[in-house]
Amino acid sequence: MIKSKIFFSFIAIEIIVIAFLYTDANHTIAARNAEVQSKRELVRKLSLTDFAVFTEARYTRHPSQADTFSAFQDFPSSMDHFPAGSIVGPQRGNN
Amino acid sequence: MRRKSFVLIVLSIVSAVFLSVSMALAADPLKPTSKDKCPVCGMLVHPYTQWSAQIIFKDGTYAFFDGPKDMFKYYLDIPKYNKSKTSADISDIYVTEYYSTKVMKADGVTFVSGSDVMGPMGKELVAITNDKVKTFTSDHKGVKALKFSEVTDADIPDGHMHHMK
Amino acid sequence: MFIYSIIVATLTSLLFLTQSLKKEAMDVFIEAPELIVQRMSAGRHDLIPVGYAEKILSIPGVSSVEPRYWGYYYDNLTGGNYTLIARNIDALHMVKGTLPKGPGECAIGKGVADVRLTDLNDVLFLSINPQQKVSLKVVGIFTADSAILTNDLVVMDKNDLVNFFALPKDMATDLIVHVSNASEVPTIAMKIRRDYPDTRPITRSEIVRTYENVFNWRGGMALTMFIGPLLAFAIFAWDKATGMSAGERQEIGILKAIGWETTDVLKLKFWEGMAISLTSFLTGSILAYIHVFYFGAALFAPVLKGWSVLFPPFNPIPYIDLYQIFVIFFLTVIPYLASTIIPSWKAAVTDPDTVMRS
Amino acid sequence: MAYPTPTTITAITAPSAIIAVEGVSKIFNAGEADEMRALDGVTLSVAKGSMAVLKGPSGSGKTTILGIIGCMTRPTSGKVMVNGKDVAKLPEHFLTDIRRRTFGFIFQHFNLIKGITVKENIMLPLYPTSIPIHEMKERADAILESLNIYQKRNYHVEKLSGGEKQRVSIARALINNPEIILADEPTSHLDTKLSEDLMDRLSRLNGEGKTIVIATHDPLVYDKPYVNRIIEMRDGKVIGT
């Protein structure tokens, strides 16, 4: 069946691509190890605690430093008007 | 007067020489490499730097342990683990102090048994500087505080391992 | 099949991105301070007296205590929020130039440099009001590959920061407590809270756990974004399951008429479904990898960015968790197979004659 | 209920009857408002090696009785003997087996499967068997050649003309070397020339010993001299043979 040949060669190509991507991933991880080490240094020397990803609100910029115990700001069911707030939710059970 | 000062000078020289000789005999603590294994339990030592202990012999050979407990097991029964050595061959014994994670001479610290602090092999004889024994005992439910020379077989906690990182 | 691949690609992209960020957070924040002590006042995070340090230092196991000075600055000019921190340290790898060596100097994140069109040796002017303002010479810019940590930072001299924010004398933002033995951290945290009931100690493991939660694939980011594609897939599968075309029905009828058994038909449909889902799954995974690790999850960025003015470009490291890929596989392939086989089975067990007539 | 005629009764008892249907009724949607009695006590038989025509207007029950003979559907009541076996109550598995071994079907609408090639279509009835794939291919090639469509073997069926489709459907009916060929209105989508051509082929197959049953209302079919049996049907009943 010609169709099955097409299918199997397609699958074979995809598996080759995946194998390539997999080695690429391992390679990249190894290659970027120095970067991770440098980032550790940054964290250590600047005593950083959070990713600078969501700079909208205190609790999204510094999720780990947000005042979990204070009223309102991280109230577990508070209405959120920052898009990132739905992603970086209030931290519970961290105590 | 002259004679007296001469004697003093001679004495001080002699003692200085003596001291330096004994200093030369004393070995500095070593750092475990990634290959050093505990002769008692066979575990690698380097992942547990805050627990490691060591016995250094006069001939420069040494043994690393993943905690004071195994060090005592070895120390109290050297022939079992090392037929060629006796306690007379030991130059120095070091342990890692709990609060500071500094390596200290074993006879300068106190060992507390029965506490809730777990080493890599479970219950431990935790090495504590003498001044903090009280704090440790009350914080971590320590039972017995012993000097190095007071530790006997009976004080070594069971080897049943509760693997803790 | 196209839709199928796209859905798999979306789901897998999300997994790749969150897994990668999570792994990076775990890797990097292992170096975060063992213990940070915040003060709470009137239910809010407040400045802490530096004097607290003395008593904390006397707790056994504490090796040093260091006040930390930092704060946020809303920049009217660009609408961005900067994080200002005071640190006097020597050298760092991920910075072009140097770090501030004294008053009047600063090192800034790539994001700040970009929105302010500032380069090395330019002057960064920050102002809250006529009394609280500062001009800083940019002596360093954090490299782009550190943006995830440094994008919005302005690192400056302590005195500059204290003056700029007009912090009261002997007050700091929080205190960093260095502990020699990590096992002792909970005990020390407990003692600090006992000594100073108005404080909140944050341990390193809490920081790490925060990121574990935020980027956990079952919670936070992933869950929020998962629901959409998963729902789309459910609709897609449901549509397939309920709407078997007359053509397909007739095909099954023909096959049965020429001597195929129900099991033969099901086998065919199984392999057909398997072939489609396998190709779609592999295609989707490949697309996801390319999307996330070659294009920095560019399609998600607008969603995640929200209203942040300073948003670092993602350049995730391809940490891949095979277990999660299996989860996606079972979450998509099994329902798809079920949704193709069940209606075929229904059609295949009826008389071929009726199937042909309808 | 049954309306046996003397001829059919003798046919059942005749040892040469390969197909014997006795008192068969088929009711669709029984008990519902749209209940439809498609067959009402049909009794007939077909001798081995004969060429029989089921003749009657549409709705007379020809297709239904063909489906019952071909083990595609079960009668509501009555007895259906194929090769001396009562198939009316056999479990599904055996029916499929009989269908595969005994019958070749030629359908009114060809019923070829789109999206696959001519050759694949022809090989379809063999897939569930244990015949090795190379033998399947050899058989398919032989039949394609004998029907003069070998050159189109790799075409998708939707690209074929009506006559070619007809030949493909004959090829598919023949691949398992059946004893009986059942054809349902085989000429309804063919012009006169192609119809003649088809009948020629069928008569040749008949000459090779195959039993052929054709349901039709096309005089071009039932007026052929080599048709040795005509069973006339109307309103689900046999009205003459």
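Residue numbers start from 1 in every chain, and the chains themselves are labelled A, B, ... in the order their sequence lines are given, proteins ahead of strands. As a basis for the values below, the full set of heavy atoms in this structure was taken, side chains included, without hydrogen atoms, waters or symmetry mates.
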* Below 4.5 Å from any heavy atom of chain B, which atoms of C:Thr187 appear? Answer side chain, backbone, both or neither. =>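 The answer is the side chain of C:Thr187.
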* Asked: Relative to chain B, which of C:Ser183, C:Gly61, C:Pro60, C:Ser63 shows the most heavy atom pairs under 4.5 Å?
  ->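 Of the options given, most contacts go to C:Pro60.
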* Looking at residues at least two apart in the chain, or sitting in another chain, which of them share a side-chain contact (heavy atoms from CB on, under 4.5 Å) with C:Ala25? ->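 So C:Ala25 forms a side-chain contact (heavy atoms from CB on, under 4.5 Å) with A:Phe51, C:Phe29, C:Tyr211.
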* Could you tell me the separation between the CG atom of B:Asp139 and the NZ atom of C:Lys191, rounded to the nearest 0.5 Å? =>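 It comes to 3.0 Å.
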* Asked: For the atom pair CD (B:Glu97) and OG (C:Ser180), what is the distance rounded to the nearest 0.5 Å?
  ->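 These two atoms lie 8.5 Å from each other.
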* Considering heavy atoms only, which positions within residues 141-155 of chain B lie below 4.5 Å of chain C? ->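 No residue falls under the 4.5 Å cut-off.
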* Got more than 12 heavy atoms from elsewhere within 6.0 Å of OH, B:Tyr75? ->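 Check fails, neighbour count at 12 or below.
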* Does NZ belonging to B:Lys37 count more than 12 external heavy atoms closer than 6.0 Å? ->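 No, not enclosed.
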* To do: Search all heavy atoms of C:Ala182 against all heavy atoms of B:Gln50 and return the closest pair with its distance.
  =>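 So the two residues come closest at N-OE1, 4.1 Å.
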* **Which residues share a ring pair (Phe, Tyr, Trp, His ring centres under 6.0 Å) with B:Tyr99, sequence neighbours left out** =>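 Expected list: none.
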* Asked: Pairs in or reaching into residues 114-146 of chain B: which pass ring pair (Phe, Tyr, Trp, His ring centres under 6.0 Å), with residues at least two apart or in two chains?
  ->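 Pairs touching residues 114-146 of chain B that pass the test: B:Tyr98-B:Phe136, B:Tyr98-B:His140, B:Phe136-B:His140.
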